[in-house]
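One structure is given below, encoded as structure tokens.
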Number of protein chains: 2
Amino acid sequence: MVRQPSINAQNRTPLSTERIIEAALHIVDGQGLGRLTMRRLGDALEVEAMAIYHHLPRGKEQLLDGLVAHVAAAPADASAPGRWQDVLRAWADGYRGRLLAHAGVLPLVVTRRNPAALAATLASLREVLRRGGVAEDAAAVAAHTLLGYVIGHAALEVRGTADDGAAARIASGEDGAVDWDARFRAGLGVVLGGVR
Amino acid sequence: MVRQPSINAQNRTPLSTERIIEAALHIVDGQGLGRLTMRRLGDALEVEAMAIYHHLPRGKEQLLDGLVAHVAAAPADASAPGRWQDVLRAWADGYRGRLLAHAGVLPLVVTRRNPAALAATLASLREVLRRGGVAEDAAAVAAHTLLGYVIGHAALEVRGTADDGAAARIASGEDGAVDWDARFRAGLGVVLGGVR
DNA sequence: ACCTGAACACCGTTCAAGT
DNA sequence: ACCTGAACACCGTTCAAGT
């Protein structure tokens, strides 16, 4: 006779790295990076904070690395059909949306050492350009420029949404709110238009 | 008879917001953002941590805002002679150097609300373009694109210096170390070349 | 006005112990 | 193997008190 495991003792879904990262991302998205603590994360998972260390031995460091990987590793589809300009435009739209949706992890993406995440994304951009017939050197430069622009623009947007009003008008002489979508597309045009 | 103030009691230079910010920046540059604590900052200033609150009533929040202002507010010289391309290239070089020299505050520049600092910088870029004969709309787009690129590229550089070696080669197929200076200049050419 | 000392409510992390 | 409980060395910040 086989025992039903769900009946006894602690019948809750066990912890896993994936569940931990997801719960952490949920906290960051909802309450901000500053409120992500091991204790609060434990609460959200209905577990003592110390249980997390069993799955992430490097502790909070490893947790933050996981968040970066989850958000920043989003390569372009090099096998997509169409002009490389359109493929990159579509990727950039998606990547920007990703960064804005998880704005709280942006400071981590910016400085945290996590080679694999961004390197893979960068390689996919080069591949799109290479397949599109752009020379190797120019492709490397363009991939770098594009990723830099998307990340930098997302950073400006995250900061900017707060000072659309009076502050921006006073300090910059700009008239009213910024249409960020249009701004981003226009800047994207500048970057892609500069690739030869 | 006038008393000599320097003789008595606590004859040390009194605290000031400027001294506090400078000491904080020194800690961040030397030991990283994570090691900037009010207590350590107090030690560096030879004062109890609580004394800082007398000069920065909003506490650490205000301290971090001050760091961002100190690093990110570096406008271009709109009255400089020469082609606008050269003026912006010179500004970009300087701004990049600034961000890299204080890489520890980069995550703060990226997300911390501090309208004045970036808005003033942005306005100066627009002014350079406007004086150079670029149309208002195109100037606004280009200023935004340029600042976004410089910040984003600096972020990639800060992260990248760690994975120049094997990690980058494996993940990206790139051959060896990246010449960041050349990369930056080339990307700058792409961005400026795209402005019409 | 400017700084100190003690205290409070938190942190991340370790370590031995439970099941 | 997986989780808990108590403990340690830190945090930022408040508040009353000193000069």
Side-chain angles (χ1 to χ4, degrees), chain A residues 3-25 27-28 31-68 104-105 107-108 111-113, chain B residues 3-25 27-28 31-68 104-105 107-108 111-113:
Chain A
R3 260 203 282 168
Q4 315 267 142
S6 63
I7 283 182
N8 22 351
Q10 334 221 44
N11 59 342
R12 44 180 171 163
T13 41
L15 233 44
S16 73
T17 306
E18 200 172 330
R19 271 189 62 218
I20 293 172
I21 300 284
E22 271 162 19
L25 197 58
I27 291 175
V28 173
Q31 314 186 47
L33 186 60
R35 289 188 58 82
L36 175 63
T37 70
M38 299 303 272
R39 284 169 160 94
R40 236 188 298 265
L41 182 55
D43 279 355
L45 293 161
E46 295 184 301
V47 118
E48 291 299 315
M50 299 73 200
I52 298 167
Y53 288 81
H54 202 266
H55 299 264
L56 304 176
R58 270 177 38 246
K60 195 166 189 185
E61 205 74 3
Q62 194 170 357
L63 178 66
L64 299 183
D65 284 349
L67 289 179
V68 172
V105 311
L108 301 178
T111 44
R112 199 139 269 273
R113 315 243 171 267
Chain B
R3 261 201 284 169
Q4 315 267 142
S6 61
I7 286 181
N8 21 352
Q10 333 221 45
N11 60 342
R12 43 178 171 166
T13 41
L15 232 43
S16 72
T17 306
E18 200 171 331
R19 271 189 64 218
I20 294 172
I21 300 285
E22 269 162 21
L25 197 57
I27 291 175
V28 173
Q31 316 185 46
L33 185 59
R35 289 186 60 80
L36 175 63
T37 69
M38 299 303 272
R39 283 168 161 94
R40 237 188 298 266
L41 182 54
D43 279 356
L45 293 162
E46 294 183 302
V47 116
E48 292 299 316
M50 298 74 200
I52 298 166
Y53 288 81
H54 202 265
H55 300 264
L56 304 176
R58 270 177 36 244
K60 196 167 189 185
E61 204 73 5
Q62 194 172 357
L63 178 66
L64 300 182
D65 284 350
L67 290 178
V68 172
V105 311
L108 300 179
T111 44
R112 199 140 270 273
R113 315 241 172 270

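Every chain is numbered from 1, with letters handed out A, B, ... down the list of sequences.
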Original post:
CD of A/Gln31: more than 12 outside heavy atoms within 6.0 angstrom?
Top reply: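 Check passes, neighbour count above 12.
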Using whole Å, what does the distance between atom [atom2] of nucleotide [N] and atom [atom1] of [X] come to?
X: B/Leu56; N: C/dC2; atom1: CG; atom2: P; answer: 13 Å
X: A/Leu45; N: D/dT4; atom1: CG; atom2: C1'; answer: 15 Å
X: A/Leu41; N: C/dC10; atom1: CG; atom2: P; answer: 18 Å
X: A/His54; N: D/dG5; atom1: NE2; atom2: P; answer: 16 Å
X: B/Leu33; N: D/dC11; atom1: CG; atom2: C1'; answer: 14 Å

Original post:
With both distances under 3.5 angstrom, what nucleotide forms a Watson-Crick or G-U wobble pair with D/dA6?
Top reply: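 Because both required distances fall under 3.5 Å, D/dA6 counts as paired with C/dT14.
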**OP:** Identify the nucleotide, in any strand shown, that forms a Watson-Crick or G-U wobble pair with D/dT19, with both distances under 3.5 Å; if there is none, say none.
**Re:**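 Its partner is C/dA1 (Watson-Crick or G-U wobble, both distances under 3.5 Å).
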**OP:** Looking only at side-chain atoms of B/Glu48, point me to the closest of D/dT4, C/dT4, C/dA1.
**Re:**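 Looking only at side-chain atoms, B/Glu48 lies closest to C/dT4.
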Original post:
Run the side-chain contact (heavy atoms from CB on, under 4.5 Å) check on B/Leu63 and B/Leu36 step by step: do they pass?
Top reply: CA-CA 10 Å; B/Leu63 178 66; B/Leu36 175 63; 4.0 Å; yes
**OP:** Would you name the heavy atoms of A/Gly59 and A/Met38 that are closest together and state the gap between them?
**Re:**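 Looks like C-CE, 4.2 Å.
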**OP:** First locate atom CG of A/Leu67, then atom CD of A/Glu22, and finally report the distance between them rounded to the nearest 0.5 Å.
**Re:**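 Taking CG in A/Leu67 and CD in A/Glu22, the distance rounds to 11.0 Å.
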**OP:** State the CD1-CG distance between B/Ile20 and B/Leu41, to the nearest 0.5 angstrom.
**Re:**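 Reported to 0.5 Å precision, the distance equals 7.0 Å.
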Original post:
So, is A/His55 close to the D/dA1 phosphate, meaning a side-chain N or O under 4.0 Å from OP1 or OP2?
Top reply: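 For D/dA1, neither OP1 nor OP2 has a side-chain N or O of A/His55 closer than 4.0 Å.
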Subject >> Summary of protein contacts for nucleotides 12-19 of chain C, nucleotide by nucleotide, where a base hit scores B, a sugar-phosphate-only hit scores S (4.0 Å, heavy atoms) >> reply: BBB-----
Original post:
Just one of A/Thr111, A/Leu108, A/Val105 clears the side-chain contact (heavy atoms from CB on, under 4.5 Å) bar with A/Val68, so which one?
Top reply: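 Exactly one option meets the side-chain contact (heavy atoms from CB on, under 4.5 Å) with A/Val68, and it is A/Leu108.
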